[in-house]
Amino acid sequence: MGRRRKGQDVNGWLVLDKAVGLTSTEAVSRVRRFFDARKAGHAGTLDPLASGLLPIALGEATKTVPVLMEGAKRYRFTIRWGEARATDDLEGPVEATSAARPSQADIEGQLPAFIGDIAQLPPRYSAVKINGERAYDLARRGENPEPKSRCVTVHDLKLIACPDRDHATLELACGKGTYVRSLARDLGKALGTYGAVSDLRRTGVSPFLEEDAISLEKLDLIGNSAAHQEALLPVATALDDIPALAVNEVEAARLRSGQPIRIIGRTVLTRNPPSSQSAGRHKGTAYAELVTGAQRQPVALGTVRAGEFRPSRVFNL
């Protein structure tokens, strides 16, 4: 008989406002201990240098992580001009310098070339795998990893400030797999200089925003009481970008047993319409929810195909 994993059945999302210097793994461990949760995970790593939104899934919410990982991300970041860094941010050593500094007009003129579906080369110090090994592990051993270029989607990129001639602050909305450090590096090259990220904050992970976030310090102040449960958002919050199907008790029981249900001749998709940034990303994907009065409880994630809703992940709530 297997050992029972320690912890409580805690289900929901905690949107952490991660501080600079903390790894994503450390952040998840601290949140899990705070709630004494049996299971926890996160939706998208933030480097120690970065701050901002790190959505942490507890319990059954971990089943919605793949959906959230596909969502749009939003960042506010500052580029330091004139320095090429090994890591494409200030954590790495300087490899080259340039006296050239772009004007505000120059920067704004280059931004359209970085919006849309673009080819991007991940940083040498990244989690991208090369022949089964992480690029950053190869780089730390003194090797020169060469990640392959890949297509990423940038929904929006705009300049919001030039505090001095050495720095520019921008806001970015992008899809899965986009590296802000690569964007800073490539924008610097396009402007005839070098660029490295000096400050990075994630401000949104669809559908979570900064107003949803809470710091570890505030969690500690709340303490282990009923109040800390108010910091948790429902499991289904991460599913706002995909359509929902309202089901009855009989259908819910069938889905929970892994069986499909027929949906021909009924209104299938009943929740928030997909945003322009999520449209097409979850094509064919939906989730079923049991509606009882004003209460909505997620039952299963699945696909709509051939007049059926077919469950792929079932929630035990």
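Values reported hereafter were calculated over all heavy atoms of this structure, with side chains retained and with hydrogens, waters and symmetry mates removed. The first residue of the sequence shown is numbered 1, and numbering continues consecutively from there.
- Follow the hydrophobic side-chain contacts under 4.5 Å out from Leu157 and you reach Leu159 in the same cluster.
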For residues 308-317, tabulate all N or O donor-acceptor pairs below 3.5 Å that involve a side-chain atom, not counting sequence neighbours.
{"unit_1": "Glu308", "atom_1": "OE1", "unit_2": "Arg310", "atom_2": "NE", "d": "3.2"}
{"unit_1": "Ser312", "atom_1": "OG", "unit_2": "Leu301", "atom_2": "O", "d": "3.2"}

query: Can Leu239 and Val67 be said to form a side chain to side chain contact (heavy atoms under 4.5 Å, CB included), step by step?
result: CA-CA 7 Å; Leu239 305 176; Val67 175; 4.1 Å; yes
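- Looking only at side-chain heavy atoms (C-beta outward), Leu209 and Arg74 come within less than 4.5 Å of each other.
- We find the CG-OH distance between Leu170 and Tyr75 to be 14.5 Å, quoted to the nearest 0.5 Å.
- A donor-acceptor pair under 3.5 Å is absent between the side-chain atoms of Asp47 and the main chain of Ala50, judged by distance alone.
- Applying the salt bridge (Lys or Arg N to Asp or Glu O under 4.0 Å) criterion to Glu83, with sequence neighbours excluded, gives Arg80, Arg85.
- In this structure, the side chain of Ser24 does not engage the main chain of Thr45 through any donor-acceptor pair within 3.5 Å.
- Contact check for Ser51 versus Leu46: no side-chain heavy atoms found under the 4.5 Å cut-off.
- No donor-acceptor pair under 3.5 Å is formed between the side chain of Glu108 and the backbone N or O of Ala105.
- You'll find the ring centres of Trp81 and Tyr194 outside the 6.0 Å limit.
- A distance-only check finds a donor-acceptor pair linking the side chain of Arg150 to the backbone of Gly177 [under 3.5 Å].
- Hydrophobic clustering, with ILVMFWY side chains joined whenever heavy atoms are under 4.5 angstrom apart, groups Val10 together with Phe34.
- In this structure, Ala238 and Thr64 approach most closely via the heavy-atom pair CB-OG1, 3.7 Å.
- Under the salt bridge (Lys or Arg N to Asp or Glu O under 4.0 Å) criterion, Asp186 pairs with no residue at all, not counting sequence neighbours.
- Nearest heavy atom pair, residue Pro123 against residue Asp88, reads CB-OD2, 3.5 Å.
- Without hydrogens or angle criteria, Thr23 side chain to Glu26 main chain gives a donor-acceptor distance under 3.5 Å.
- When the side-chain hydrogen bond (donor to acceptor under 3.5 Å, both in side chains) test is applied to Lys158, no partner is found at least two apart in sequence or on another chain.
- Between the side chain of Gln110 and the backbone N or O of Ile107 there is no donor-acceptor pair closer than 3.5 Å.
- Rounded to the nearest 0.5 angstrom, Asn11 CG and Arg38 CZ are separated by 10.0 Å.
- Checked by atom type and distance alone, the side chain of Thr178 never pairs as donor or acceptor with a backbone atom of Cys174 at under 3.5 Å.
- Side-chain atoms of Lys189 never come within 3.5 Å of backbone atoms of Thr193 as a donor-acceptor pair (strictly under, hydrogens ignored).
- Tested against Arg30, the residues Leu216, Leu219, Thr25, Ile56 include a single side-chain contact (heavy atoms from CB on, under 4.5 Å) partner, Leu216.
- Annotation for Ala27 and Leu16: closest pair CB-CD2, 3.6 Å, computed over non-hydrogen atoms.
- Residues Leu290 and Arg296 form no side-chain contact, since every pair of their non-hydrogen atoms from C-beta on lies 4.5 Å or further apart.
- Contact annotation: the side chain of Leu172 approaches that of Leu183 to within less than 4.5 Å [non-hydrogen atoms, C-beta and beyond].
- A donor-acceptor contact shorter than 3.5 Å is absent between the side chain of Lys63 and the backbone of Gly59.
- A distance of 9.5 Å separates CG in Asp199 from NE2 in His167, rounded to the nearest 0.5 Å.
- Residues Ser29 and Arg33 are in side-chain contact: their nearest non-hydrogen atoms beyond the backbone lie under 4.5 Å apart.
- Leu232 places a side-chain heavy atom less than 4.5 Å from the side chain of Phe35.
- Atom CD of Glu289 is separated from atom CD of Gln297 by 10.0 Å, given to the nearest 0.5 angstrom.
- Connection of Leu22 to Ile214 is established within a shared hydrophobic cluster, with ILVMFWY side chains joined at heavy-atom distances below 4.5 Å, either directly or through further cluster members.
- In this structure, Leu121 is not a member of the same hydrophobic cluster as Phe114, with clusters built from ILVMFWY side-chain heavy atoms closer than 4.5 Å.
- Nearest heavy-atom pair across Arg185 and Pro122 is NH1-O, 3.9 Å.
- In this structure, CG in Leu111 is found 6.0 Å from CG in Leu187, a value given to the nearest 0.5 Å.
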task: Decide side chain to side chain contact (heavy atoms under 4.5 Å, CB included) for Leu58 and Trp13; before the verdict, give the C-alpha distance in whole Å, the side-chain angles of both, and the deciding distance to 0.1 Å.
output: CA-CA 6 Å; Leu58 301 175; Trp13 281 95; over 6 Å; no
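- No continuous path of hydrophobic side-chain contacts links Leu90 to Ile79 [ILVMFWY only; heavy atoms under 4.5 Å].
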Distance-only criterion, 3.5 Å: show the donor-acceptor pairs between side-chain atoms of residues 93-101 and protein atoms not counting sequence neighbours.
{"unit_1": "Glu95", "atom_1": "OE1", "unit_2": "Arg124", "atom_2": "NH2", "d": "2.8"}
{"unit_1": "Glu95", "atom_1": "OE2", "unit_2": "Arg124", "atom_2": "NH2", "d": "3.1"}
{"unit_1": "Ser98", "atom_1": "OG", "unit_2": "Ala100", "atom_2": "N", "d": "3.1"}
{"unit_1": "Arg101", "atom_1": "NE", "unit_2": "Asp166", "atom_2": "OD1", "d": "2.7"}
{"unit_1": "Arg101", "atom_1": "NH1", "unit_2": "Ser98", "atom_2": "O", "d": "2.7"}
{"unit_1": "Arg101", "atom_1": "NH2", "unit_2": "Asp166", "atom_2": "OD1", "d": "3.4"}

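- Closest heavy-atom contact between Val65 and Ala57: CG2-CB, 3.8 Å.
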- request: Determine, stepwise, if the pair Lys218 / Asp17 fulfils side chain to side chain contact (heavy atoms under 4.5 Å, CB included).
  value: CA-CA 10 Å; Lys218 189 169 182 180; Asp17 189 341; over 6 Å; no
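- Although no hydrogens or angles enter the test, the distance criterion places no donor-acceptor pair under 3.5 Å between the side chain of Gln120 and the main chain of Ser149.
- Atom OG1 of Thr153 and atom CG of Asp117 lie 4.0 Å apart (nearest 0.5 Å).
- Residues passing the salt bridge (Lys or Arg N to Asp or Glu O under 4.0 Å) test with Glu210 are Arg201, sequence neighbours excluded.
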field: Test side chain to side chain contact (heavy atoms under 4.5 Å, CB included) applied to Val154 and Ile118, step by step
entry: CA-CA 7 Å; Val154 173; Ile118 64 171; 3.9 Å; yes
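- At a cut-off of 3.5 Å, with distance as the only test, a side-chain donor of Ser206 or Asp241 sits close to an acceptor on the other residue.
- The two residues Arg202 and Pro55 come nearest to each other via the heavy atoms NH2-CD, 4.3 Å.
- With no hydrogens or angles considered, a side-chain donor-acceptor pair links Thr169 and Thr78 at under 3.5 Å.
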